[in-house]
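Below is one structure, written out as structure tokens; comments come after it.
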Protein chains: 2
Amino acid sequence: MAPPRVPAGDLSKHEAAYRTLRQRILEGRYGPGYRLVLSGLARDLEVSPVPIREAIRRLEAEGLVTFERNVGARVATLTDDAWEELVEMLALLDGYAVRQAQPMLTPEILAEAEQINAALRRQLTGGIDNEAVMALHRRFHRLIYSRAANTYLVDALDQVWDRIDASRVLVSLYPAKRLASAVDEHDELLQRLRQERVNPSDLEQFARWHNLNAAVTIRNARGR
Amino acid sequence: MAPPRVPAGDLSKHEAAYRTLRQRILEGRYGPGYRLVLSGLARDLEVSPVPIREAIRRLEAEGLVTFERNVGARVATLTDDAWEELVEMLALLDGYAVRQAQPMLTPEILAEAEQINAALRRQLTGGIDNEAVMALHRRFHRLIYSRAANTYLVDALDQVWDRIDASRVLVSLYPAKRLASAVDEHDELLQRLRQERVNPSDLEQFARWHNLNAAVTIRNARGR
DNA sequence: CTCGAAGACATCGTATACGATCCGATCGTA
DNA sequence: TACGATCGGATCGTATACGATGTCTTCGAG
């Protein structure tokens, strides 16, 4: 009997490096601007610099890392304007995804979404843990948009969320007041999603508007 | 006096390889499924396999190339469904981009767009050169959407168009009847864009609808 | 003290080498 | 003939080596 083609944990080294680096960036261990020195990472991950370079190239193509010739790689840093543009993309994509996902949503999914939103609401009374809020918020949205049929759309949304996570902006800037509104808007979204005969275009517009609200709030929080 | 930092034509080898390969894919010299053998390309481009690998990784991250471990790289092939999903993305992104670009469009830009559309219309009477039609069609749309303020949006549109070009689907399947409709729709789009007080939401919907028409037509041309 | 040049160091960029893996052809056996 | 094992070539995956480039520090002149 032949052994399994890929014994589960056996990834190529560049693939493993890619996943490790990506994870470290997303969880904030490597924050924006952090310098990714090839030889250092190679030592750290116990591989040669070659697969590290490949991993970095992929991260670069995904926008999580910037690279300067003969200088090196850094975790991407977003200007305020760039951050707003990304959120605008999120709003555009998520709006359409919600519209497309709506017929696919089962009562179970909606119930789970309600659970997540309830956990978010609990953060309002207890102290707010921004990391937890961001994770819950992302989970809430992904639960819905991931049901959209268009796989490119879902992938694009995942990627945009990754970049927003990597920027660490929301983690530091999400104000309690916005969270309160967001939780209410989530409830309204769920309510609309439960209706059979909801107007798809209205639904898309509402979801888009909800996402854009975050951008507006952060812009104000930054003081214009 | 120090020499210029980057003497114009002096790209790193992986960058040069990336551009060369990308171009060859987009112009159809390497069609869908074409096998990209690292050592062969290295010989061809007169570099070592290492920078070729980096170039391929970037192309892979952009979706132009698929890669299989220990097997190698191929130019990406789109299933019919995947192709339709990509066009749907195009419609979503382009619709919003047109809406955002509208206030930035000068009479000069609109005149140029009209020129391009006139060239498209000429293809209807003379024999149709599909390569030329595709290039003109893309130029027409890019002229408009590239004025959108959101750079991520513009980049995403460029990328989706690249993938569609690389798939060579439109080149072989664009029927004359659809071209006639498309040219008319372009005219209507330009007419709407010229109005100062056009409703942004209507504009977006119209542009989205126009792009989706292509998908519907091709689906029918393929015989469901 | 300030400025600029020169050198040392850190790091990147690519070539080369070689082991690992896969695929297809060959050969033997039922 | 049909099937499966074995072998060989093609190709990938990664380590190592070293030259090229950029950056920082030091040192000397003004």
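Just so you know, these numbers use all the heavy atoms, side chains as well, and skip hydrogens, waters and symmetry mates.
With C/dT14, D/dT14, C/dG13 as the candidates, the nucleotide lying closest to the side chain of B/Ser48 is C/dT14. In this structure, of C/dC22, C/dA15, C/dC12, it is C/dC12 that holds the atom nearest to the side chain of A/Arg53. Comparing D/dG13, D/dC12, C/dT16 against the side chain of B/Val37 picks out D/dC12 as the nearest. In the set D/dT21, D/dC12, D/dA15, D/dA15 carries the atom at the smallest distance from any side-chain atom of A/Val47. The side chain of B/Lys13 has C/dT14 as its nearest neighbour among C/dT11, D/dC12, C/dT14. Each of D/dT11, C/dT16, D/dT16 was ranked by its minimum atom distance to the side chain of B/Val50; first place goes to C/dT16.
Between the P atom of C/dG24 and the CZ atom of B/Arg35 lies a distance of 9 Å, rounded to the nearest Å. Atom P of nucleotide D/dT14 and atom CZ of A/Arg43 are separated by 19 Å, given to the nearest angstrom. In this entry the distance linking CD of B/Glu54 with P of C/dT14 reads 7 Å, nearest Å. To the nearest angstrom, P of C/dG13 lies 17 Å from OH of B/Tyr18. Across the protein-nucleic acid pair, A/Ile52 atom CD1 and D/dG13 atom P stand 16 Å apart, rounded to whole Å. The separation between A/Arg57 atom CZ and D/dT14 atom C1' is 17 Å, rounded to whole Å. One can place CG of B/Asn70 at 8 Å from P of D/dT14, the figure rounded to the nearest angstrom. Taking atom CG of residue B/Leu41 and atom P of nucleotide D/dC12, one finds them 9 Å apart after rounding to whole Å.
Note: A/Trp161 and A/His137 have perpendicular aromatic rings, judged against thresholds of 30 and 60 degrees for the angle between ring planes. Below 30°, between 30° and 60°, or above 60°: for B/His186 and B/Phe140 the angle between ring planes is below 30°, a parallel geometry.
Residue B/His14 has a polar side-chain atom (N or O) positioned under 4.0 Å from OP1 or OP2 of C/dT14.
Using N1 to N3 plus N6-O4 or O6-N4 for Watson-Crick, or N1-O2 and O6-N3 for G-U wobble, each under 3.5 Å, C/dA30 pairs with D/dT1.
Screening B/Asp158, B/Asp162, B/Asp165 against B/Arg142 for a salt bridge (Lys or Arg N to Asp or Glu O under 4.0 Å) leaves a single residue, B/Asp158.
For the pair B/Arg74 and B/Phe67, the cation does not sit on the ring face, since its NZ or CZ is not both under 6.0 Å from the ring centre and inside 45° of the axis.
B/Leu36 comes within contact range of the sugar-phosphate backbone alone, with a heavy-atom separation under 4.0 Å but no base atom that close. Nucleic acid contact for B/Val71: sugar-phosphate only, since backbone atoms but no base atoms lie under 4.0 Å from a heavy atom of the residue.
Distance check, rounded to the nearest 0.5 Å: CZ of B/Arg208 to CG of B/Asn213 gives 13.5 Å.
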